[in-house]
Undergrad: 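Could you have a look at this structure, given as C-alpha coordinates, before my questions?
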Amino acid sequence: MAKTKDTTFFENKLLDFVTAQDPMLEMMQWVMNRFMELEVAHKTGTEKGLHAENRTGYRSGYRVRRFDTRLGTVYLSVPKLRQGGYIPFFVTEKKRSEQALIQVVQECWMNGVSTRKIENIAKKLGIETLSASEVSEINKGLDEMIAEFRTRKLESEYPVIWADALYEKIRDNHRITGKAVMVIKAVNLEGKPEILAVEPMENESEETYSALFRSLQERGLEKVWLCVSDAHKGLQAAIRNCLPGTTWQRCKVHFMRNILAYVPQKEKEMAASRLKLIWKAPDENSARELKNSFFAEFEKKYPKACECLEEGFEDSIQFYAFEELDSRKISSTNTLERLNKEIRRRSSVVGIFPSTDSYIRLITSYLLEYTEDWQTEKAYMNADSIQSQKEILFNAA
(Lines give C-alpha, C1' and ligand atoms only; values in the text may rest on other atoms or scores of the structure.)
Protein backbone atom coordinates (compact mmCIF):
# COMPACT_ATOMS: atom_id res chain seq x y z
CA MET A 1 0.00 0.00 0.00
CA ALA A 2 1.47 3.34 -1.10
CA LYS A 3 2.21 5.86 1.60
CA THR A 4 0.54 9.24 1.44
CA LYS A 5 2.40 12.49 1.91
CA ASP A 6 0.80 12.96 5.36
CA THR A 7 1.75 9.43 6.46
CA THR A 8 5.38 9.98 5.49
CA PHE A 9 5.42 13.32 7.32
CA PHE A 10 4.11 11.87 10.59
CA GLU A 11 6.44 8.87 10.40
CA ASN A 12 9.39 11.25 10.11
CA LYS A 13 8.11 13.32 13.03
CA LEU A 14 7.76 10.20 15.18
CA LEU A 15 11.35 9.24 14.37
CA ASP A 16 12.41 12.73 15.49
CA PHE A 17 10.52 12.30 18.78
CA VAL A 18 11.95 8.83 19.44
CA THR A 19 15.51 10.09 19.20
CA ALA A 20 14.85 13.17 21.38
CA GLN A 21 16.16 13.36 24.95
CA ASP A 22 12.57 13.51 26.30
CA PRO A 23 10.24 12.10 23.60
CA MET A 24 6.96 12.86 25.40
CA LEU A 25 7.96 16.44 26.18
CA GLU A 26 9.12 17.04 22.59
CA MET A 27 5.90 15.56 21.25
CA MET A 28 3.78 17.74 23.53
CA GLN A 29 5.69 20.88 22.54
CA TRP A 30 5.23 20.13 18.85
CA VAL A 31 1.49 19.57 19.31
CA MET A 32 1.17 22.85 21.24
CA ASN A 33 3.01 24.73 18.50
CA ARG A 34 0.63 23.28 15.92
CA PHE A 35 -2.37 24.26 18.04
CA MET A 36 -1.09 27.85 18.28
CA GLU A 37 -0.57 28.12 14.54
CA LEU A 38 -4.07 26.81 13.84
CA GLU A 39 -5.64 29.10 16.45
CA VAL A 40 -3.83 32.20 15.13
CA ALA A 41 -4.69 31.27 11.55
CA HIS A 42 -8.34 31.20 12.58
CA LYS A 43 -8.00 34.61 14.27
CA THR A 44 -6.26 36.26 11.30
CA GLY A 45 -8.31 34.54 8.63
CA THR A 46 -5.34 32.98 6.82
CA GLU A 47 -2.35 30.73 7.37
CA LYS A 48 1.16 32.06 7.92
CA GLY A 49 2.85 33.32 4.73
CA LEU A 50 -0.32 33.36 2.63
CA HIS A 51 -2.12 36.37 1.22
CA ALA A 52 -5.88 36.63 1.51
CA GLU A 53 -8.32 39.45 0.77
CA ASN A 54 -10.67 38.46 3.56
CA ARG A 55 -8.04 38.32 6.33
CA THR A 56 -9.13 39.75 9.69
CA GLY A 57 -5.72 40.42 11.26
CA TYR A 58 -1.95 40.41 10.83
CA ARG A 59 0.89 38.60 12.56
CA SER A 60 3.72 40.46 14.23
CA GLY A 61 6.41 37.91 14.97
CA TYR A 62 6.70 35.73 18.09
CA ARG A 63 7.31 36.05 21.79
CA VAL A 64 8.85 33.41 24.02
CA ARG A 65 6.73 32.22 26.93
CA ARG A 66 7.75 29.67 29.54
CA PHE A 67 5.10 27.03 30.25
CA ASP A 68 5.40 24.63 33.21
CA THR A 69 3.60 21.32 32.78
CA ARG A 70 3.53 17.96 34.54
CA LEU A 71 5.80 16.59 31.81
CA GLY A 72 8.33 19.38 32.28
CA THR A 73 9.08 22.98 31.29
CA VAL A 74 8.76 24.06 27.65
CA TYR A 75 9.43 27.41 26.00
CA LEU A 76 6.68 28.32 23.58
CA SER A 77 7.10 30.60 20.58
CA VAL A 78 3.75 32.33 20.90
CA PRO A 79 2.63 34.18 17.75
CA LYS A 80 2.04 37.92 18.22
CA LEU A 81 -0.74 39.88 16.54
CA ARG A 82 -0.57 43.52 15.48
CA GLN A 83 -3.93 44.24 17.06
CA GLY A 84 -5.20 42.52 20.18
CA GLY A 85 -3.39 40.01 22.32
CA TYR A 86 -3.19 36.27 21.95
CA ILE A 87 -2.90 33.68 24.70
CA PRO A 88 -3.00 29.97 23.72
CA PHE A 89 -6.15 28.22 24.92
CA PHE A 90 -4.19 25.45 26.66
CA VAL A 91 -2.47 28.09 28.81
CA THR A 92 -5.68 29.78 29.94
CA GLU A 93 -7.38 26.42 30.52
CA LYS A 94 -4.53 24.96 32.56
CA LYS A 95 -5.87 23.09 35.57
CA ARG A 96 -6.20 25.12 38.77
CA SER A 97 -4.70 22.29 40.82
CA GLU A 98 -1.62 22.22 38.60
CA GLN A 99 -1.20 25.99 38.97
CA ALA A 100 -1.63 25.67 42.73
CA LEU A 101 0.97 22.93 43.01
CA ILE A 102 3.49 24.92 41.00
CA GLN A 103 2.72 27.96 43.15
CA VAL A 104 3.38 25.99 46.35
CA VAL A 105 6.83 25.03 45.11
CA GLN A 106 7.58 28.61 44.12
CA GLU A 107 6.43 29.91 47.49
CA CYS A 108 8.59 27.32 49.25
CA TRP A 109 11.55 28.72 47.35
CA MET A 110 10.81 32.29 48.37
CA ASN A 111 10.26 31.37 52.02
CA GLY A 112 13.66 29.81 52.53
CA VAL A 113 12.92 26.08 52.33
CA SER A 114 16.17 24.20 51.73
CA THR A 115 17.48 24.30 48.16
CA ARG A 116 17.92 20.53 48.05
CA LYS A 117 14.30 19.97 49.11
CA ILE A 118 13.01 22.46 46.53
CA GLU A 119 15.12 20.92 43.78
CA ASN A 120 13.67 17.49 44.56
CA ILE A 121 10.11 18.83 44.47
CA ALA A 122 10.70 20.84 41.30
CA LYS A 123 12.31 17.82 39.64
CA LYS A 124 9.22 15.73 40.32
CA LEU A 125 7.08 18.45 38.73
CA GLY A 126 9.45 19.11 35.82
CA ILE A 127 9.89 22.81 36.72
CA GLU A 128 13.19 24.42 35.75
CA THR A 129 13.25 27.80 37.49
CA LEU A 130 11.11 29.76 39.93
CA SER A 131 10.30 33.46 40.09
CA ALA A 132 8.38 35.82 42.35
CA SER A 133 6.52 37.41 39.43
CA GLU A 134 5.05 34.04 38.42
CA VAL A 135 3.86 33.45 41.99
CA SER A 136 1.99 36.75 41.95
CA GLU A 137 0.46 36.08 38.52
CA ILE A 138 -0.74 32.60 39.41
CA ASN A 139 -2.02 33.56 42.86
CA LYS A 140 -4.26 36.37 41.68
CA GLY A 141 -6.59 34.21 39.61
CA LEU A 142 -6.48 31.22 41.95
CA ASP A 143 -7.24 33.15 45.12
CA GLU A 144 -10.30 34.81 43.59
CA MET A 145 -11.79 31.46 42.53
CA ILE A 146 -10.94 29.79 45.84
CA ALA A 147 -12.40 32.62 47.93
CA GLU A 148 -15.60 32.52 45.87
CA PHE A 149 -15.87 28.74 46.30
CA ARG A 150 -15.27 28.81 50.06
CA THR A 151 -17.79 31.61 50.69
CA ARG A 152 -20.48 30.70 48.15
CA LYS A 153 -24.14 30.55 49.15
CA LEU A 154 -25.27 27.12 50.36
CA GLU A 155 -28.59 25.36 50.05
CA SER A 156 -30.78 25.51 53.15
CA GLU A 157 -31.12 21.73 53.57
CA TYR A 158 -28.72 18.81 53.19
CA PRO A 159 -29.67 15.19 53.91
CA VAL A 160 -26.16 14.07 54.97
CA ILE A 161 -22.84 15.71 55.77
CA TRP A 162 -19.52 14.01 56.51
CA ALA A 163 -16.89 15.79 58.61
CA ASP A 164 -13.23 14.90 59.01
CA ALA A 165 -9.93 16.70 59.55
CA LEU A 166 -6.77 16.58 57.46
CA TYR A 167 -3.39 17.14 59.13
CA GLU A 168 -0.34 18.50 57.33
CA LYS A 169 3.03 19.93 58.33
CA ILE A 170 2.93 23.70 57.85
CA ARG A 171 5.46 26.44 58.61
CA ASP A 172 4.09 28.99 61.04
CA ASN A 173 6.31 31.78 62.43
CA HIS A 174 9.46 29.83 61.49
CA ARG A 175 8.12 26.73 63.27
CA ILE A 176 6.84 23.54 61.67
CA THR A 177 3.52 22.47 63.17
CA GLY A 178 0.86 19.89 62.39
CA LYS A 179 -2.24 21.88 61.54
CA ALA A 180 -5.78 20.59 61.14
CA VAL A 181 -7.92 21.50 58.15
CA MET A 182 -11.56 20.50 58.44
CA VAL A 183 -13.22 19.26 55.26
CA ILE A 184 -17.00 18.90 55.17
CA LYS A 185 -18.59 16.94 52.35
CA ALA A 186 -22.35 16.80 51.81
CA VAL A 187 -24.95 15.31 49.54
CA ASN A 188 -27.78 17.60 48.43
CA LEU A 189 -31.43 16.82 47.87
CA GLU A 190 -30.67 15.81 44.28
CA GLY A 191 -28.17 13.20 45.49
CA LYS A 192 -25.14 15.14 44.20
CA PRO A 193 -22.05 15.45 46.45
CA GLU A 194 -20.64 18.85 47.38
CA ILE A 195 -17.77 20.25 49.43
CA LEU A 196 -19.25 22.72 51.93
CA ALA A 197 -16.16 23.79 53.83
CA VAL A 198 -12.36 23.73 53.78
CA GLU A 199 -11.31 25.49 56.98
CA PRO A 200 -7.98 25.60 58.85
CA MET A 201 -8.24 25.13 62.60
CA GLU A 202 -5.68 25.96 65.27
CA ASN A 203 -7.03 23.03 67.30
CA GLU A 204 -9.99 20.66 67.35
CA SER A 205 -12.33 21.93 70.06
CA GLU A 206 -15.98 22.70 70.61
CA GLU A 207 -15.27 26.39 70.01
CA THR A 208 -13.55 25.89 66.65
CA TYR A 209 -16.16 23.42 65.42
CA SER A 210 -18.97 25.71 66.56
CA ALA A 211 -17.42 28.62 64.69
CA LEU A 212 -17.25 26.44 61.58
CA PHE A 213 -20.91 25.44 61.76
CA ARG A 214 -21.96 29.05 62.40
CA SER A 215 -20.09 30.12 59.28
CA LEU A 216 -22.03 27.50 57.28
CA GLN A 217 -25.27 28.86 58.70
CA GLU A 218 -24.28 32.40 57.71
CA ARG A 219 -23.89 31.07 54.17
CA GLY A 220 -27.46 29.72 54.19
CA LEU A 221 -27.35 26.30 55.85
CA GLU A 222 -30.45 25.68 58.00
CA LYS A 223 -31.09 21.94 58.27
CA VAL A 224 -29.01 18.74 58.23
CA TRP A 225 -30.61 15.33 58.71
CA LEU A 226 -27.51 13.29 59.53
CA CYS A 227 -23.92 14.19 60.36
CA VAL A 228 -21.32 11.40 60.09
CA SER A 229 -17.97 11.80 61.86
CA ASP A 230 -15.58 10.28 64.36
CA ALA A 231 -16.24 10.57 68.10
CA HIS A 232 -14.39 13.81 68.83
CA LYS A 233 -16.06 15.33 71.92
CA GLY A 234 -15.79 18.90 70.67
CA LEU A 235 -17.38 18.01 67.34
CA GLN A 236 -20.25 16.17 69.06
CA ALA A 237 -20.93 19.17 71.31
CA ALA A 238 -20.86 21.58 68.38
CA ILE A 239 -23.37 19.45 66.45
CA ARG A 240 -25.74 19.38 69.43
CA ASN A 241 -25.51 23.13 70.03
CA CYS A 242 -25.33 24.49 66.49
CA LEU A 243 -27.34 21.96 64.48
CA PRO A 244 -30.44 21.17 66.59
CA GLY A 245 -32.49 18.35 65.13
CA THR A 246 -29.46 16.77 63.45
CA THR A 247 -28.79 13.09 64.12
CA TRP A 248 -25.16 12.23 64.78
CA GLN A 249 -23.82 8.97 63.31
CA ARG A 250 -20.55 7.74 64.79
CA CYS A 251 -18.39 6.41 61.97
CA LYS A 252 -18.49 2.63 62.25
CA VAL A 253 -14.94 2.29 60.87
CA HIS A 254 -13.40 4.65 63.43
CA PHE A 255 -15.50 3.01 66.13
CA MET A 256 -14.33 -0.48 65.23
CA ARG A 257 -10.70 0.70 65.39
CA ASN A 258 -11.37 2.05 68.88
CA ILE A 259 -12.76 -1.33 69.98
CA LEU A 260 -9.93 -3.33 68.41
CA ALA A 261 -7.37 -1.27 70.32
CA TYR A 262 -8.30 -3.48 73.31
CA VAL A 263 -7.86 -6.76 71.43
CA PRO A 264 -4.46 -8.56 71.19
CA GLN A 265 -2.77 -8.19 67.79
CA LYS A 266 -2.93 -11.90 66.93
CA GLU A 267 -6.72 -11.95 67.43
CA LYS A 268 -7.65 -8.61 65.84
CA GLU A 269 -8.54 -10.11 62.47
CA MET A 270 -10.94 -12.63 64.01
CA ALA A 271 -12.56 -9.99 66.26
CA ALA A 272 -12.85 -7.54 63.37
CA SER A 273 -14.68 -10.09 61.21
CA ARG A 274 -17.21 -10.61 64.01
CA LEU A 275 -17.67 -6.88 64.62
CA LYS A 276 -18.27 -6.13 60.93
CA LEU A 277 -21.32 -8.39 60.98
CA ILE A 278 -23.02 -6.03 63.45
CA TRP A 279 -23.12 -3.08 61.05
CA LYS A 280 -23.85 -5.26 58.03
CA ALA A 281 -27.05 -6.51 59.64
CA PRO A 282 -30.20 -5.87 57.59
CA ASP A 283 -31.97 -3.99 60.40
CA GLU A 284 -31.44 -2.53 63.86
CA ASN A 285 -32.85 -5.51 65.77
CA SER A 286 -30.51 -7.90 63.98
CA ALA A 287 -27.58 -5.58 64.78
CA ARG A 288 -28.49 -5.66 68.47
CA GLU A 289 -28.66 -9.45 68.45
CA LEU A 290 -25.21 -9.67 66.87
CA LYS A 291 -23.85 -7.20 69.43
CA ASN A 292 -25.27 -9.32 72.26
CA SER A 293 -23.75 -12.42 70.67
CA PHE A 294 -20.34 -10.71 70.59
CA PHE A 295 -20.73 -9.84 74.27
CA ALA A 296 -21.64 -13.39 75.23
CA GLU A 297 -18.55 -14.75 73.52
CA PHE A 298 -15.93 -12.11 74.36
CA GLU A 299 -17.02 -10.16 77.48
CA LYS A 300 -14.74 -12.15 79.80
CA LYS A 301 -11.90 -12.40 77.30
CA TYR A 302 -11.91 -8.74 76.13
CA PRO A 303 -13.73 -6.75 78.84
CA LYS A 304 -12.34 -3.36 77.73
CA ALA A 305 -13.30 -3.98 74.11
CA CYS A 306 -16.84 -4.93 75.11
CA GLU A 307 -17.08 -1.90 77.38
CA CYS A 308 -16.06 0.33 74.46
CA LEU A 309 -18.65 -1.35 72.21
CA GLU A 310 -21.38 -0.86 74.78
CA GLU A 311 -20.50 2.79 75.31
CA GLY A 312 -20.66 3.80 71.63
CA PHE A 313 -23.05 1.25 70.15
CA GLU A 314 -26.19 3.42 70.03
CA ASP A 315 -24.41 6.27 68.24
CA SER A 316 -22.96 3.81 65.71
CA ILE A 317 -26.35 2.45 64.54
CA GLN A 318 -28.22 5.71 63.92
CA PHE A 319 -28.03 5.09 60.16
CA TYR A 320 -30.76 2.44 60.55
CA ALA A 321 -33.25 5.26 61.17
CA PHE A 322 -32.67 6.41 57.56
CA GLU A 323 -33.83 3.20 55.93
CA GLU A 324 -34.42 4.76 52.50
CA LEU A 325 -30.77 5.83 52.19
CA ASP A 326 -27.89 3.52 51.29
CA SER A 327 -26.52 2.34 54.64
CA ARG A 328 -23.06 1.68 53.19
CA LYS A 329 -22.71 5.39 52.39
CA ILE A 330 -24.09 6.90 55.60
CA SER A 331 -22.67 4.58 58.26
CA SER A 332 -19.06 5.73 57.94
CA THR A 333 -16.86 8.56 56.70
CA ASN A 334 -15.30 6.31 54.04
CA THR A 335 -16.39 8.63 51.23
CA LEU A 336 -14.44 11.48 52.82
CA GLU A 337 -11.53 9.25 53.84
CA ARG A 338 -11.04 8.24 50.20
CA LEU A 339 -11.10 11.88 49.14
CA ASN A 340 -8.63 12.85 51.87
CA LYS A 341 -6.33 9.99 50.87
CA GLU A 342 -6.24 11.29 47.31
CA ILE A 343 -5.46 14.80 48.55
CA ARG A 344 -2.62 13.48 50.75
CA ARG A 345 -1.20 11.55 47.81
CA ARG A 346 -0.98 14.74 45.81
CA SER A 347 0.16 17.00 48.64
CA SER A 348 2.91 14.58 49.69
CA VAL A 349 5.08 15.89 46.86
CA VAL A 350 5.42 19.13 48.84
CA GLY A 351 6.00 17.61 52.28
CA ILE A 352 6.16 20.76 54.42
CA PHE A 353 3.97 23.65 53.28
CA PRO A 354 5.40 27.18 53.53
CA SER A 355 2.16 28.63 54.90
CA THR A 356 -1.44 27.78 55.77
CA ASP A 357 -2.62 29.84 52.79
CA SER A 358 -0.53 27.78 50.38
CA TYR A 359 -1.99 24.54 51.73
CA ILE A 360 -5.58 25.82 51.60
CA ARG A 361 -4.94 27.05 48.07
CA LEU A 362 -3.74 23.65 46.93
CA ILE A 363 -6.36 21.36 48.49
CA THR A 364 -9.24 23.73 47.67
CA SER A 365 -8.12 23.74 44.03
CA TYR A 366 -8.32 19.95 43.98
CA LEU A 367 -11.67 19.90 45.76
CA LEU A 368 -13.08 22.53 43.41
CA GLU A 369 -12.22 20.32 40.46
CA TYR A 370 -13.78 17.28 42.13
CA THR A 371 -16.95 19.28 42.81
CA GLU A 372 -17.21 20.31 39.16
CA ASP A 373 -16.74 16.69 38.04
CA TRP A 374 -19.42 15.48 40.47
CA GLN A 375 -22.01 17.75 38.89
CA THR A 376 -21.70 15.94 35.57
CA GLU A 377 -21.45 12.42 36.97
CA LYS A 378 -24.09 10.03 38.21
CA ALA A 379 -25.66 11.06 41.53
CA TYR A 380 -23.96 9.67 44.64
CA MET A 381 -27.37 8.88 46.15
CA ASN A 382 -30.69 8.19 44.51
CA ALA A 383 -32.80 11.37 44.49
CA ASP A 384 -36.06 9.39 44.77
CA SER A 385 -34.76 7.60 47.88
CA ILE A 386 -33.84 10.96 49.40
CA GLN A 387 -37.31 12.30 48.70
CA SER A 388 -38.93 9.18 50.22
CA GLN A 389 -36.78 9.58 53.33
CA LYS A 390 -37.74 13.26 53.56
CA GLU A 391 -41.43 12.35 53.50
CA ILE A 392 -40.87 9.81 56.30
CA LEU A 393 -39.04 12.38 58.42
CA PHE A 394 -41.69 15.03 57.72
CA ASN A 395 -44.57 12.70 58.66
CA ALA A 396 -42.73 11.61 61.82
CA ALA A 397 -42.25 15.22 62.84
Undergrad: Are L154 and M381 connected into the same hydrophobic cluster when the rule is that any two of I, L, V, M, F, W, Y join if their side-chain heavy atoms are below 4.5 Å apart?
TA: no
Undergrad: Without swapping roles, check the side chain of K329 against the backbone of Y380 for a donor-acceptor pair under 3.5 Å.
TA: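 Pair found, side chain donor or acceptor close to backbone of Y380.
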Undergrad: Run the salt-bridge test on K233 and E204 with the 4.0 Å N-O cut-off and return the result as yes or no.
TA: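 A salt bridge is absent here (no side-chain N lies under 4.0 Å from a carboxylate O).
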Undergrad: Kindly give the heavy-atom pair with the smallest separation between G220 and K153, and that separation in Å.
TA: CA-NZ, 4.0 Å
Undergrad: Are D315 and Q236 close enough, and set up right, to give a side-chain hydrogen bond (donor to acceptor under 3.5 Å, both in side chains), and what steps lead you there?
TA: CA-CA 11 Å; D315 291 324; Q236 294 180 58; over 6 Å; no
Undergrad: Ignoring hydrogens and geometry, is there a side-chain-to-backbone donor-acceptor pair from E342 to R338 under 3.5 Å?
TA: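 Between the backbone of R338 and the side chain of E342 there is no qualifying donor-acceptor contact (under 3.5 Å).
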Undergrad: Below 30° counts as parallel, above 60° as perpendicular, anything between as tilted: where do the rings of W225 and F322 land?
TA: parallel
Undergrad: Whether the side chain of W279 engages the backbone of A287 through a donor-acceptor N/O pair (distance < 3.5 Å, no angle test) should be reported.
TA: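 Here the side-chain-to-backbone pair does not exist.
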Undergrad: Between the main-chain N or O of K223 and the side-chain N or O of E157, is there a donor-acceptor pair closer than 3.5 Å?
TA: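 Looks like no, no N/O pair under 3.5 Å.
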Undergrad: Of F313, F255, F319, which is the lone residue that meets side chain to side chain contact (heavy atoms under 4.5 Å, CB included) with R250?
TA: F255
Undergrad: Any donor-acceptor pair under 3.5 Å linking the side chain of R214 with the backbone of C242?
TA: no
Undergrad: I184 vs L212, test: side chain to side chain contact (heavy atoms under 4.5 Å, CB included). Steps then yes/no.
TA: CA-CA 10 Å; I184 295 184; L212 173 58; 3.7 Å; yes
Undergrad: On the 0 to 90° scale, with breaks at 30° and 60°, tag the F298-F294 ring pair as parallel, tilted or perpendicular.
TA: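 Aromatic pair F298/F294 classed tilted.
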Undergrad: Please name the pair of heavy atoms, one in K192 and one in A379, separated by the smallest distance, quoted to 0.1 Å.
TA: NZ-N, 4.1 Å
Undergrad: So, are E310 and K291 salt-bridged, with charged N and O less than 4.0 Å apart?
TA: yes
Undergrad: Go through the structure and list residues passing salt bridge (Lys or Arg N to Asp or Glu O under 4.0 Å) with E155, not counting sequence neighbours.
TA: none
Undergrad: For a 4.5 angstrom cut-off between non-hydrogen side-chain atoms, does E307 reach K304?
TA: yes
Undergrad: Give a yes or no on whether a salt bridge exists between E206 and R240, defined as a side-chain N under 4.0 angstrom from a carboxylate O.
TA: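 Salt bridge between E206 and R240, a charged N being under 4.0 Å from a carboxylate O: no.
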Undergrad: Counting distance only, does the side-chain N/O of Q389 pair as donor-acceptor with the main-chain N or O of E323 below 3.5 Å?
TA: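 Confirmed, Q389 side chain pairs with E323 backbone.
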Undergrad: Please check: side-chain N/O of K268 versus main-chain N/O of L260, any donor-acceptor pairing under 3.5 Å?
TA: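 Confirmed, K268 side chain pairs with L260 backbone.
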